[in-house]
Structures are given as structure tokens and as C-alpha cells.
Peer 1: 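Let me give you the structure first, and then I'll get to my questions.
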2 protein chains.
Amino acid sequence: MPTMTAAQRRAAAKAEYDAFVADCPSRQLLDRLSDKWVTLALVALEPGPQRYSQLSRTMAGVSQKMLTQTLRTLERDGLVSRTVTPSVPVTVTYEMTDLGRSLHRVVGMLKVWAEAHMDQVQSHRLEYDALL
Amino acid sequence: MPTMTAAQRRAAAKAEYDAFVADCPSRQLLDRLSDKWVTLALVALEPGPQRYSQLSRTMAGVSQKMLTQTLRTLERDGLVSRTVTPSVPVTVTYEMTDLGRSLHRVVGMLKVWAEAHMDQVQSHRLEYDALL
DNA sequence: CGGAATCCTGCCTGATACTG
DNA sequence: CAGTATCAGGCAGGATTCCG
């Protein structure tokens with residue numbers, strides 16, 4: 001093997017890292033699911049099928065770009081189904097699939113946890129900040 | 001009330017939005033917890049107390065900046081405790097608090113879900129991509 | 001209505017150097 | 001060892017505009 005240039009070494013390290021990640025699907029998927037918009041979208045879809053504009057209102061603060069992008073990846077991963085009704089104007093509804101609902105059970109617990117422990121977190125923050 | 005300029009209207013909207021968020025602690029905390037490094041750190045700390053350098057190795061791919069930043073916010077929120085042993089060189093260990101462990105139970109389920117459903121997600125992706 | 005395309009501003013990352 | 005500081009670069013994400 002000839003000596004590697006810095007660029008070649010970086011590329012090799014990158015390839016190794018990617019290969020490692022590919023062998024660790026839980027890490028990949030975990031990173032994907034640990035996204036604020038993914039979590040929020042699943043929580044927003046819990047009441048039932050909803051239209052695009054309704055979701056954008058429920059998920060206050062989301063940009064159209066991130067909403068569309070999040071819904072696309074959720075659809076691609078089979079967590080959400082997208083239904084287009086060719087009316088004028090067109091109507092698009094999003095709905096959780098069975099797979100999405102099974103994930104929602106876990107994500108929902110995250111929401112419950114956050115609501116239940118918010119006061120404890122808040123008091124810890126005040127205590128921590130007081131020591132500065 | 002005088003007419004508002006566009007800039008004033010934006011500022012008012014921003015203030016309203018911030019106030020709304022402040023009244024919705026679950027949304028705030030949910031956004032905080034839906035972070036890939038937060039999730040990964042809690043998973044990494046599951047086996048027990050660990051040192052900084054050990055964590056940086058376990059959480060492959062994290063930069064020192066993000067590792068330190070994540071650990072700081074976790075400490076501030078009372079989810080992780082930081083212990084400094086004044087040896088030479090100094091030893092710093094991080095450990096989940098009881099509050100952190102209660103959150104880990106939920107996050108751990110996310111990890112389990114990801115591992116259990118990775119193949120279903122993968123097949124949905126292939127199917128979705130085939131339609132392009 | 002439900003997006004796609006564009007531009008543009010931050011934040012994250014990576015690399016490096018320095019402290020206690 | 002466990003950080004802090006700094007700077008370069010890339011890319012996620014927001015705002016805006018336009019189209020079927």
C-alpha cells in the first residue's frame with residue numbers, strides 16, 4: 001500500500017464510519033426519530049386524519065418546507081399515509097399507518113413524561129442558574 | 001392604536017408566539033428532548049457512570065462542542081449529574097440522576113422500537129423509492 | 001390548497017490551539 | 001484529562017415567491 005494523502009485518509013475514515021453506521025440501523029433510525037418535527041407531527045396526527053393546512057396550524061412555528069419534508073420522510077418510512085383527493089382545489093390528507101401508530105405509543109409517552117416532569121426540570125434549572 | 005409597520009407587526013407576532021410557547025411547557029421540553037444527542041447521551045449513560053472521554057468514544061461522531069453542550073443542558077435540567085474528582089489529572093464522571101433514569105425508560109423504548117421495526121421501515125423505503 | 005424552487009442566514013461540525 | 005476558544009466550511013432550516 002502506498003502512502004495515503006490527507007484527503008485519502010479522510011475519505012477512508014469517512015467510508016469506515018459510514019459502513020459502521022450502516023451496520024448499526026438502530027443508531028440511524030434513532031437519529032431520524034429524535035427529531036422535533038417528527039415527534040411533533042406524530043403527536044399532531046394522533047386525533048386522526050388531517051389536512052396539510054390543518055397540520056401547519058397545529059404545529060405552530062413549523063415552516064412549510066420542514067412540514068413537507070417531515071411528512072415526506074414519514075411517508076417514505078411507512079409511518080404516515082398521504083391521500084390526494086382530486087377536487088378543486090385539491091385536498092390532501094395525512095394519516096398515521098399502523099406502523100406510525102405503534103411508534104406514536106412511544107412518542108406519546110415522551111409527551112406525557114415532559115408534561116409530568118416539567119416542574120422538576122424547571123426547579124433544577126433555577127437551582128443551576130443560581131450558582132453562576 | 002396607530003398603524004403598525006411591518007417590522008412592528010413581526011415583532012408583535014414574535015412576542016405572541018414566544019408567550020404562547022412559554023405557556024406550553026410540554027412543547028418546549030418536547031423540543032428539547034427530541035434531540036439526537038440528548039437521546040444518544042441518555043442511551044450511552046445507561047450502563048452506568050462514565051467519564052467524558054469514554055462518552056466521546058461511545059457516542060461516535062459527536063464533536064467535543066456538542067458533547068459538552070449536551071451534557072451541560074442535561075445537567076442544568078437535572079437529568080445528569082457531573083462529579084469532579086480533583087486528582088492529577090482531573091477526573092470527571094457523568095451519571096444519570098433519578099429523573100434522568102425515568103426519562104431513559106421512555107427513550108430506551110424508542111431505541112427498542114427502532115431496532116424492532118427497522119426492517120419494516122427499510123422495506124417501505126424500497127417500495128417508496130421504486131415508484132420514482 | 002398544497003406544495004416546489006429559490007435565496008439566505010444561522011448553527012453544527014471539524015480542526016486546531018491553548019488552559020488547569 | 002477535561003474542557004474552552006476560535007475559525008473555516010457545509011448544510012439544516014426560515015422566509016419568500018411562484019405554480020398546478
Side-chain angles (χ1 to χ4, degrees), chain A residues 5-18 21 31-41 44-45 49-76 80-95 132, chain B residues 6-7 9-11 13-14 17-18 21 31-32 34-41 44-45 49-76 80-95 132:
Chain A
T5 66
Q8 285 173 327
R9 248 179 280 114
R10 272 196 302 274
K14 191 176 171 58
E16 270 173 22
Y17 174 69
D18 284 350
V21 168
D31 286 354
R32 173 73 60 95
L33 302 179
S34 300
D35 175 66
K36 58 186 291 193
W37 298 127
V38 167
T39 305
L40 209 61
L45 281 170
Q50 286 185 54
R51 301 180 59 177
Y52 181 90
S53 54
Q54 196 171 356
L55 281 172
S56 69
R57 266 176 263 118
T58 305
M59 299 165 60
V62 70
S63 62
Q64 306 92 316
K65 181 179 178 178
M66 288 316 295
L67 180 54
T68 300
Q69 185 175 308
T70 301
L71 291 171
R72 283 283 179 284
T73 64
L74 287 176
E75 187 194 1
R76 189 170 102 98
V80 164
S81 66
R82 179 174 179 269
T83 309
V84 179
T85 306
S87 53
V88 179
V90 67
T91 302
V92 180
T93 50
Y94 291 91
E95 184 178 9
L132 302 184
Chain B
R9 248 178 281 116
R10 273 197 301 274
K14 190 176 170 61
Y17 173 68
D18 283 349
V21 168
D31 286 353
R32 173 71 61 92
S34 300
D35 175 66
K36 58 184 287 192
W37 297 127
V38 167
T39 304
L40 208 61
L45 281 171
Q50 287 187 53
R51 303 180 59 177
Y52 181 90
S53 55
Q54 196 170 357
L55 281 172
S56 69
R57 265 175 264 120
T58 305
M59 300 166 60
V62 69
S63 62
Q64 306 93 314
K65 184 178 178 180
M66 288 316 295
L67 180 55
T68 300
Q69 186 175 307
T70 302
L71 290 171
R72 284 285 180 282
T73 64
L74 287 175
E75 187 193 1
R76 189 170 102 98
V80 163
S81 67
R82 179 173 178 269
T83 309
V84 179
T85 305
S87 53
V88 178
V90 69
T91 302
V92 181
T93 48
Y94 291 91
E95 184 179 9
L132 303 183

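The sequence lines fix the lettering, A, B, ..., with proteins before strands; numbering per chain opens at 1.
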Peer 1: Under a plain distance cut-off of 3.5 Å, with no hydrogens placed, do B:Ser34 and A:Thr39 share a side-chain donor-acceptor pair?
Peer 2: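 Yes, because at least one side-chain N or O of A:Thr39 sits under 3.5 Å from a partner of the opposite role on B:Ser34.
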Peer 1: Taking atom C1' of D:dG13 as reference, at what distance in whole Å does atom CG of A:Asp35 sit?
Peer 2: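 Checked: the CG to C1' distance equals 11 Å.
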Peer 1: Using modelled atom types and a 3.5 Å cut-off, is there a donor and acceptor pairing between side-chain atoms of B:Thr73 and backbone atoms of B:Thr70?
Peer 2: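 Confirmed, B:Thr73 side chain pairs with B:Thr70 backbone.
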Peer 1: Return the value, rounded to whole Å, for the distance between atom CG of A:Leu40 and atom P of D:dG13.
Peer 2: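 Rounded to whole Å, this separation is 14 Å.
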Peer 1: A:Met59 CE to D:dG13 P: how many Å, rounded?
Peer 2: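 Between P of D:dG13 and CE of A:Met59: 12 Å.
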Peer 1: Check whether any side-chain N or O of B:Ser87 sits under 3.5 Å from a backbone N or O of B:Pro89 as a donor-acceptor pair, and report yes or no.
Peer 2: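 Yes.
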Peer 1: Are side-chain N/O atoms of A:Tyr52 and A:Thr68 paired as donor and acceptor at under 3.5 Å?
Peer 2: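 Yes, side-chain donor-acceptor contact under 3.5 Å.
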Peer 1: Please evaluate residues B:Val62 and B:Trp37 with respect to the criterion side-chain contact (heavy atoms from CB on, under 4.5 Å), reporting the C-alpha separation (whole Å), side-chain torsions for both, the decisive distance (0.1 Å), and the verdict.
Peer 2: CA-CA 8 Å; B:Val62 69; B:Trp37 297 127; 3.7 Å; yes
Peer 1: Within this structure, what is the CE-to-C1' distance between A:Met66 and C:dC11, rounded to whole angstrom?
Peer 2: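 So the two atoms are 14 Å apart, to the nearest Å.
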Peer 1: Grab the CD-P distance between B:Gln69 and C:dC11 for me, whole Å please.
Peer 2: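 After rounding, the reported distance stands at 10 Å.
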Peer 1: Generate the contact string for nucleotides 1-8 of chain D. Rules: B means base contact, S means sugar-phosphate contact only, - means no protein heavy atom under 4.0 Å.
Peer 2: SSSS----
Peer 1: What integer distance in Å separates B:Lys36:NZ from C:dC11:P?
Peer 2: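 Whole-Å distance recorded here is 18 Å.
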Peer 1: Please lay out, stage by stage, how B:Leu55 and B:Leu45 fare under the test side-chain contact (heavy atoms from CB on, under 4.5 Å).
Peer 2: CA-CA 8 Å; B:Leu55 281 172; B:Leu45 281 171; 3.9 Å; yes
Peer 1: Atom CH2 of B:Trp37 to atom P of D:dA12: distance rounded to whole Å?
Peer 2: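 Whole-Å distance recorded here is 14 Å.
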